[in-house]
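Order of the sequence lines sets the chain letters (A, B, ...), proteins ahead of strands, with each chain counted from 1.
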Amino acid sequence: MHWIIELPDGTIKEYDKPVSPADVAADISSGLLKKAIGAEVNGNLWDLKRVMPEKAKLRLILEKDYEAPIFYRHTFSHILAQAVMRIYGEKNVKLAIGPVIEDGFYYDFDLGDVKLSEDDLPKIEAEMAKIVKENLPVERFELTKDEAINFMKEKGQLYKVELVEELDDEKISFYKQGDFVDLCKGPHMPSTGRIKHFKLLSVSGAYWRGDEKNKMLQRVYGTAFAKKSELEKHLAMLEEAKKRDHRKIGPQLGLFSFSYEYAPGMPLFHPKGTVVLNELMKFSREMHIQDDYQEVITPLIMNIDLWKKSGHWDHYRDNMYFTEKEGQEYAVKPMNCPGHILIYKSGSVSYKDLPMKFFEFGKVHRYERSGVLHGLFRVRGFLQDDAHIYCTREQIKEQIKGVISFVDRIYSPFGFEYRAELSTRPEDFMGEIEIWDIATDALRDALESTKLRYKVNEGDGAFYGPKIDFHVRDSLGREWQCATIQLDFLMPERFNMTYIGPDNQEYRPVMIHRAIYGSLERFFGILIEHYAGAFPTWLAPIQVKVIPIADRHNEYAEEVAAELRNAGIRIEVDTRTKSTNYKIRDAQMQKVPYMAIVGDKEIDAKTVSIRLRTGENLYGIKLNSFIARLTEEINKRQKNSIFKS
RNA sequence: GCCAACGUAGCUCAACUGGUAGAGCGGCUGACUUGUAAUCAGCAGGUUGGGGGUUCGAGUCCCUUCGUUGGCUCCA
């Protein structure tokens, strides 16, 4: 027996006894062993102390590597389970699953009659801290399937029995730390004390296997990081996110409210919120016109037969609202595509008309279960910046490329980073494989031809076509799915859409669905949190607050206001008999970008003093110069103040 | 819909183990006429989400209902 281990730099290490990554690390340097938390062996994540195959390519994974959290967060989920078992008694705890998730981990438990609440978290955390301190070695062992089933049956772990029964592997792996054993494919860190920084975040209900027909389990969420400073940074981010919550800031800034009683899941936009939405639409409209879209408006309510034809009745009925008059049944539209198709089909279409690009700010209604509603992020009625591109197969690639660059232009004033995901043909697809291949290649080629980062979700496309989704990253590093580009081969089929080719024969067009903001409501919510309510000037509901120092300055303040208003700038004048400090504070809290402060000096010199919401002051500015520069900032939709250089 | 927590003035939050519902901010009125993040004083504001029960007595305990929040997608 001879172990030949290749390191990433090409170095070959040879041993005549079985070696684990830890052995090799120790062989290189004791410092390296200290920093290593796991390994990658022949492309698989591997425990530090697990013996490697005789021929292996080894890469050690250090605390700072991006795979490291997979190791320690997974171990923390086991530590969590172990702590819960110690506290509530091994017999009373049935373990379900405990995976690593983005930024943390969770574990699902069946605790019988015991109900966990957030108040129990400190107690569980304390027990976890003890387990960390005990620094128990984490050991891997394997059983055959039968052994594994019996083993889990003996322990009364029925959920685990169910999981094992579904596995096909010959050998089933388990991990043990002290008195705790769990079915697990790993990998884990070498001992429970290797990384110490964790925090439990919340408890909630979760169905066994995510299916509401199954028993509701209790889920505990937690997070862990290699460094204390990283954990603290993450917790601070969660705090900041809480402060920026659009459900809180929105009403505070007078943007919108909800009438939970009368219109659940449907926001009421107040005057200031409406200004922001209108600016978003104005910008979008300008861009669409530049990109050769034609705007349309289609009915909110249409006969049910249309929805039967489109397939929505069969596939989407549970999410639709219905109404009835004169014995006719109607549905409130959940999507805009059928309406656009009716326009397409209202006359005959030549290949010369393609691509045809219809765009609509389409209000759609979708029933969502009450429990999933969430501020502006998940609503029952929303406005989509929806468009459908009808084109030939040959035009697909060029059109997709066009949309991708369009997405970039729409996102650019907001300062979002974003990335894409390509979802390919699922198992239960519709249509011909060759079209799928053409379309998928077109999407892939289009993505490749841009510098955009993207990942592929194999088999994750809709049954009617492949798609590209865009995820924007906000100022707190959170990601949100907004834009989507979907190819659709089904709808043109169902509606028997055609165009006349150069040979005077009928052909089937391809349909591309796409939205850029996605939902205006949701995008608005994301922007509120992204900017923490401090919108760039072009979006700000009030762009300038005119503040007279004392009553005798009101008249001049009104003159200043009139000139600003004439220049198309959104203003308010604060003539309340309050102190200057008070009025400035109020404007600051409302996140107004500019305050124009006027008193005796300004009246004498015919100027204004400008305070930016960031606190800087510019004294003695000529009004026309202020208006000119501000107008430029607004017209260019600048991210930052033009008055800061 | 399901599990858990929560629901007191417009907002933020008090009210010991059941014993007279309170404060700050905001609002209104008055005084002050203010120079870059809260001037002072007074007044109003509540069926403690709704309904029912236990009790001499319920914001507090129990039941029920409505709503909000965290989750219910991440698969050993």
* To do: Could you tell me how the ring of A/His374 sits relative to the ring of A/His246: parallel (under 30°), tilted (30 to 60°) or perpendicular (over 60°)?
  => tilted

For [N], give the paired nucleotide (Watson-Crick: N1-N3 plus N6-O4 or O6-N4; G-U: N1-O2 and O6-N3; both under 3.5 Å), or none.
{"N": "B/C6", "value": "B/G67"}
{"N": "B/G26", "value": "none"}
{"N": "B/C72", "value": "B/G1"}
{"N": "B/U47", "value": "none"}
{"N": "B/U39", "value": "B/A31"}

Need one value for [X]: base, sugar-phosphate or nothing, where a base atom within 4.0 Å counts as base even if backbone is also close, heavy atoms only.
{"X": "A/Glu162", "answer": "nothing"}
{"X": "A/Arg247", "answer": "sugar-phosphate"}
{"X": "A/Leu116", "answer": "sugar-phosphate"}
{"X": "A/His374", "answer": "sugar-phosphate"}
{"X": "A/Asp600", "answer": "base"}
{"X": "A/Tyr619", "answer": "base"}
{"X": "A/Phe174", "answer": "nothing"}
{"X": "A/Tyr207", "answer": "base"}
{"X": "A/Lys160", "answer": "sugar-phosphate"}
{"X": "A/Arg219", "answer": "sugar-phosphate"}
{"X": "A/Asn617", "answer": "base"}
{"X": "A/Val100", "answer": "sugar-phosphate"}

* Heavy-atom contact window of chain A on RNA chain B, given 5' to 3' at under 4.0 Å -> B/G1 to B/A76

* Ignoring hydrogens and geometry, is there a side-chain-to-backbone donor-acceptor pair from A/Arg380 to A/Glu368 under 3.5 Å? -> yes

* Asked: For A/Val93, does its backbone N or O pair with a side-chain atom of A/Gln157 as donor and acceptor, under 3.5 Å?
  -> yes

Taking atom [atom1] in both [N] and [M], compute the distance separating them and give it to the nearest angstrom.
{"N": "B/G19", "M": "B/U60", "atom1": "C1'", "value": "11 Å"}
{"N": "B/C61", "M": "B/A15", "atom1": "P", "value": "13 Å"}
{"N": "B/G1", "M": "B/A44", "atom1": "P", "value": "42 Å"}
{"N": "B/G7", "M": "B/U17", "atom1": "P", "value": "15 Å"}
{"N": "B/C25", "M": "B/A21", "atom1": "P", "value": "24 Å"}
{"N": "B/C13", "M": "B/A9", "atom1": "C1'", "value": "11 Å"}
{"N": "B/C63", "M": "B/U54", "atom1": "C1'", "value": "10 Å"}
{"N": "B/U8", "M": "B/G67", "atom1": "C1'", "value": "15 Å"}

* Could I get the full list of salt bridge (Lys or Arg N to Asp or Glu O under 4.0 Å) partners for A/Glu529, not counting sequence neighbours? => A/Arg478

* Structure fact -> Residues at least two apart in sequence or cross-chain that pass salt bridge (Lys or Arg N to Asp or Glu O under 4.0 Å) with A/Glu572, listed by chain then number, are A/Lys272, A/Lys545

* Earlier contact from the 5' end, RNA chain B, for A/Met595 and A/Arg576 -> A/Arg576

* Asked: In terms of the nearest nucleotide of RNA chain B, which residue is placed more toward the 5' end: A/Leu217 or A/Ile597?
  -> A/Leu217

* Could I get the full list of ring-ring contact (aromatic ring centres under 6.0 Å, His included) partners for A/Tyr221, not counting sequence neighbours? => A/Tyr106

* Asked: Looking at residues at least two apart in the chain, or sitting in another chain, which of them share a ring-ring contact (aromatic ring centres under 6.0 Å, His included) with A/His530?
  -> A/Phe416

* Asked: Would you call A/Glu166 and A/Arg209 a salt bridge, using N to O less than 4.0 angstrom?
  -> yes

* **Which residues share a side-chain contact (heavy atoms from CB on, under 4.5 Å) with A/Gln481, sequence neighbours left out** => A/Asp469, A/His471, A/Thr484, A/Arg522

* Can you name the residues that form a side-chain contact (heavy atoms from CB on, under 4.5 Å) with A/Glu165, not counting sequence neighbours? -> A/Ile149, A/Val161

May I have the list of side-chain donor-acceptor pairs in residues 42-49 of chain A shorter than 3.5 Å, sequence neighbours left out?
from: A/Asn42; atom 1: OD1; to: A/Lys57; atom 2: N; distance (Å): 2.7
from: A/Asn42; atom 1: ND2; to: A/Lys55; atom 2: O; distance (Å): 3.4
from: A/Trp46; atom 1: NE1; to: A/Arg50; atom 2: O; distance (Å): 2.9
from: A/Asp47; atom 1: OD1; to: A/Tyr175; atom 2: OH; distance (Å): 3.3
from: A/Asp47; atom 1: OD1; to: A/His188; atom 2: N; distance (Å): 2.8
from: A/Asp47; atom 1: OD2; to: A/Tyr175; atom 2: OH; distance (Å): 2.4

* **Close residues, residues 544-552 of chain A, relative to RNA chain B [heavy-atom separation under 4.0 Å]** => A/Ile549, A/Ala550, A/Asp551, A/Arg552

